[in-house]
Amino acid sequence: MPHELPKLAYDYAALEPHIDATTMTIHHGKHHQAYVDGLNKAEEGLMKARESGDFAAVQQLSRLVAFHGGGHANHTIFWNNLAPAGKGGGGEPSGDLAEAINRDFGGFDKFKKHFSAAATAVEGNGWGVLAWHPLLGKLYIETMMNQQNLTVIGSIPLLMLDVWEHAYYLKYQNKRADYVNAFWNVANWKDAERRFAEAVNVKIPK
Ligand code: MN3
């Protein structure tokens with residue numbers, strides 16, 4: 001079954017003014033669609049390689065699966081990590097996730113500053129990620145260059161922020177820090193809490 005572009009739970013304009021409708025339209029409809037198409041094409045290439053036994057292009061195809069598979073997975077999570085401000089977006093986490101953030105980062109304000117700094121400092125295109133690592137048993141703030149580099153294998157993303165220029169440039173131009181700051185108004189903590197509740201049940205064998 002080929003991969004498909006997921007539908008958004010809100011309208012393209014619903015995250016205004018923090019994330020503008022034009023950016024959302026292009027980001028979801030064009031960029032994410034291109035990752036879906038790229039992943040399908042790379043998987044088809046690998047299927048043909050297995051059938052023919054010709055693995056001459058395996059290095060390139062493996063890279064394309066990592067890049068486009070990362071792009072598809074990251075955006076699928078990212079859209080659900082967002083909600084309109086005041087209607088699920090903004091505020092602070094509660095419950096077990098809030099407790100874990102306090103334990104592992106020394107409080108929500110310290111977490112927020114650390115995450116903002118890490119996401120703003122990503123070199124070139126990439127992501128800021130709050131992740132749970134089942135084997136290491138802690139929350140981590142990770143960064144990714146492009147769609148997949150620099151992360152610890154086995155990490156489960158809870159809250160992701162796309163800091164590729166395509167995610168903010170139309171509205172914020174070179175002011176990535178302003179975009180990262182605006183993100184907190186549309187961050188969907190209920191979604192992150194739901195992910196955390198499932199993630200803590202995942203076991204990676206030692
Ligand atoms: Mn993107």
Side-chain angles (χ1 to χ4, degrees), residues 2-43 62-85 88-90 112 115-131 140-153 155-189 191-192 194-195:
H3 302 280
E4 290 177 3
L5 184 69
K7 288 195 166 55
L8 297 184
Y10 42 79
D11 296 336
Y12 286 139
L15 306 176
E16 293 261 13
H18 308 290
I19 302 178
D20 60 288
T22 306
T23 295
M24 285 299 296
T25 304
I26 299 167
H27 198 175
H28 177 260
K30 304 293 183 191
H31 289 280
H32 190 169
Q33 183 68 59
Y35 297 126
V36 170
D37 295 344
L39 179 60
N40 286 331
K41 199 174 162 197
E43 289 188 0
S62 301
R63 193 186 67 73
L64 290 171
V65 167
F67 181 77
H68 292 293
H72 179 34
N74 294 349
H75 287 87
T76 299
I77 294 167
F78 178 52
W79 307 133
N80 289 325
N81 279 164
L82 300 171
K112 202 170 151 182
F115 186 102
S116 294
T120 303
V122 169
E123 291 175 317
N125 288 314
W127 295 77
V129 186
L130 170 64
Y140 289 91
I141 292 166
E142 299 184 340
T143 55
M144 289 185 197
M145 288 174 74
N146 290 334
Q147 305 291 10
Q148 77 278 8
N149 300 334
L150 298 180
T151 51
V152 181
I153 197 164
S155 295
I156 301 176
L158 308 177
L159 186 74
M160 304 188 68
L161 176 58
D162 190 339
V163 293
W164 282 59
E165 285 187 348
H166 68 222
Y168 64 87
Y169 210 83
L170 292 178
K171 181 176 173 74
Y172 295 95
Q173 291 85 48
N174 62 321
K175 300 184 202 78
R176 185 193 282 178
D178 290 355
Y179 160 72
V180 170
N181 205 36
F183 161 68
W184 298 113
N185 296 303
V186 290
N188 184 344
W189 285 109
D191 184 62
R194 174 182 70 84
R195 291 174 195 282

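Computed from a prediction, not measured in an experiment: that's the story for all the values here. Start at 1 and go down the list; that is how both ligands and their atoms are numbered.
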Please list, one pair per line, the donor and acceptor atoms closer than 3.5 Å that link side chains of residues 3-10 to other protein atoms, with sequence neighbours excluded.
| residue | atom | partner | partner atom | Å |
| --- | --- | --- | --- | --- |
| His3 | NE2 | Glu43 | OE1 | 3.2 |
| His3 | NE2 | Glu43 | OE2 | 3.0 |
| Tyr10 | OH | Trp79 | O | 2.7 |

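Applying the ring pair (Phe, Tyr, Trp, His ring centres under 6.0 Å) criterion to Tyr179, with sequence neighbours excluded, gives Tyr168, Tyr172. In terms of the side-chain hydrogen bond (donor to acceptor under 3.5 Å, both in side chains) criterion, Trp189 has no residue partners (sequence neighbours excluded).
Judged by distance alone, with hydrogens and angles left aside, the side-chain atoms of Asp162 form a donor-acceptor pair with the main-chain N or O of Trp164 at under 3.5 Å. No donor-acceptor distance shorter than 3.5 angstrom exists from the side chain of Asn188 to the backbone of Ala83, with no hydrogens or angles considered.
At a threshold of 4.5 Å between non-hydrogen side-chain atoms, the residues Val129 and Leu159 do not count as touching.
Around the Mn ion (ligand 1), the protein atoms of type N, O or S that sit closer than 2.8 Å are His27 NE2, His75 NE2, Asp162 OD2, His166 NE2.
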